[in-house]
Amino acid sequence: MTPMAQPLLDARDITVRFGGLTAVDAVSARFMPGELVGIIGPNGAGKTTFFNAISGVTQATSGKLLMQGRELSGKGPHRFAASGLARTFQTPRTFADMLVRDNIAFGLKFAGRRPRQYIWWGEETTVPWVLRTPESILGLIGLSAQADLPAAAITPSQQRLLEIGMALATRPRMLLLDEVAAGLTENEVEEMAQLIRRLRDELDLTVVWIEHAVTTLLRHVERVIVLHQGRKIADGTPAEVVRNAEVIEAYLGDEMNEPTAEEAAA
Ligand SMILES: Nc1ncnc2c1ncn2[C@@H]1O[C@H](COP(=O)(O)OP(=O)(O)O)[C@@H](O)[C@H]1O
Ligand SMILES: [Mg+2]
């Protein structure tokens, strides 16, 4: 019998309470190296709170987090970052007054300060060349032409790309994306999905992607986790999840029946 591969991140029974509200209710999920996993669920389902808990932004009320077998629960956010976790925020957090290039340089500086024993890519020489300079990262995310603009001057969709670039500059093993396609046009959403796949493929990342544009997400991920009222109600391939009765009842029934932009315009 071959041993089971070790998950990159193993979240066990993660619970987050805010006073009397249980925002995340004993959610367990394992993320394998190189996986592209989606997280969907209605507004208020606990998606962002789950991300906050697994990226160290919020301390879980209870539960256990293991990154490649090493316990992360209870550690500070810097330890999460140092172990290779990077995330974007639902509302992009870029430095508006700084040049696009310097926003990326900031992330790189952070990566440079990472204690050696925590560098997942090993020595500096093993960092993929594309993650070594602001210019190469901007090329990767398609923002080379905007390098010398202040971040405040670029479009909202470019802000989202910039935030992904800042996360990549920390040279993560695992990238958590919180609604990076929100507010984008249909074409931009598709381009974003292509970029996410390319990042996973070329940088060998584990990517977890929360998105409201469910139909696009389901076309691109290999696995999808469905949250509803803080609980995980499904975890499987997109084909399995769209046939799941509880998921249809709680969520997809409405989402899938929403007219597409073309249908609405017809
Ligand atoms: N800091 C907080 N304090 C109190 N309640 C919160 C906080 N953050 C989120 N919540 C609540 O937790 C629930 C889950 O929110 P959230 O994780 O943002 O959902 P989602 O991202 O799926 O839309 C919601 O009911 C929300 O109002
Ligand atoms: Mg959210």
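One-based numbering, in listed order, for ligands and for the atoms of each. Quick note: residue numbers are just sequence positions, from 1.
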Item to complete: Spell out, as yes or no, whether a donor-acceptor pair under 3.5 Å connects the side chain of Thr216 to the backbone of Glu190.
Response: no
Worksheet item: Under a strict 4.0 Å criterion on non-hydrogen atoms, which protein residues are in contact with ligand 1?
Response: Phe18, Leu21, Ala23, Pro42, Asn43, Gly44, Ala45, Gly46, Lys47, Thr48, Thr49
Fill in: Ion pair check, Lys64 and Asp13, cut-off under 4.0 Å
no
Discussion item. Can a donor-acceptor pair be found, under 3.5 Å and without considering hydrogens, that links the side chain of Gln159 to the backbone of Ala151?
Written reply: yes
Check: residues 14-21 side-chain donor-acceptor pairs under 3.5 Å, at least two apart:
from  : atom 1 : to    : atom 2 : distance (Å)
Thr15 : OG1    : Ala26 : N      : 2.9

Discussion item. Are the side chains of Val221 and Val37 in contact, using a 4.5 Å heavy-atom criterion?
Written reply: no
Worksheet item: Counting only N and O atoms by type, is there a donor-acceptor contact under 3.5 Å from the side chain of Glu211 to the main-chain atoms of Val180?
Response: yes
Worksheet item: Do the side chain of Glu188 and the main chain of Thr185 share a donor and acceptor less than 3.5 angstrom apart?
Response: yes
Discussion item. Within the supplied structure, the quantity of interest is the number of heavy atoms (other residues, nucleotides, ligands) at a distance under 6.0 Å from Lys75 NZ; does it exceed 12?
Written reply: yes
Item to complete: Report, as a single number, the protein N, O or S atoms less than 2.8 Å from the Mg ion (ligand 2).
Response: 2
Worksheet item: Tell me the side-chain hydrogen bond (donor to acceptor under 3.5 Å, both in side chains) pairs involving residues 38-54, sequence neighbours left out?
Response: Thr48-Gln90, Thr48-Asp178, Asn52-Arg87
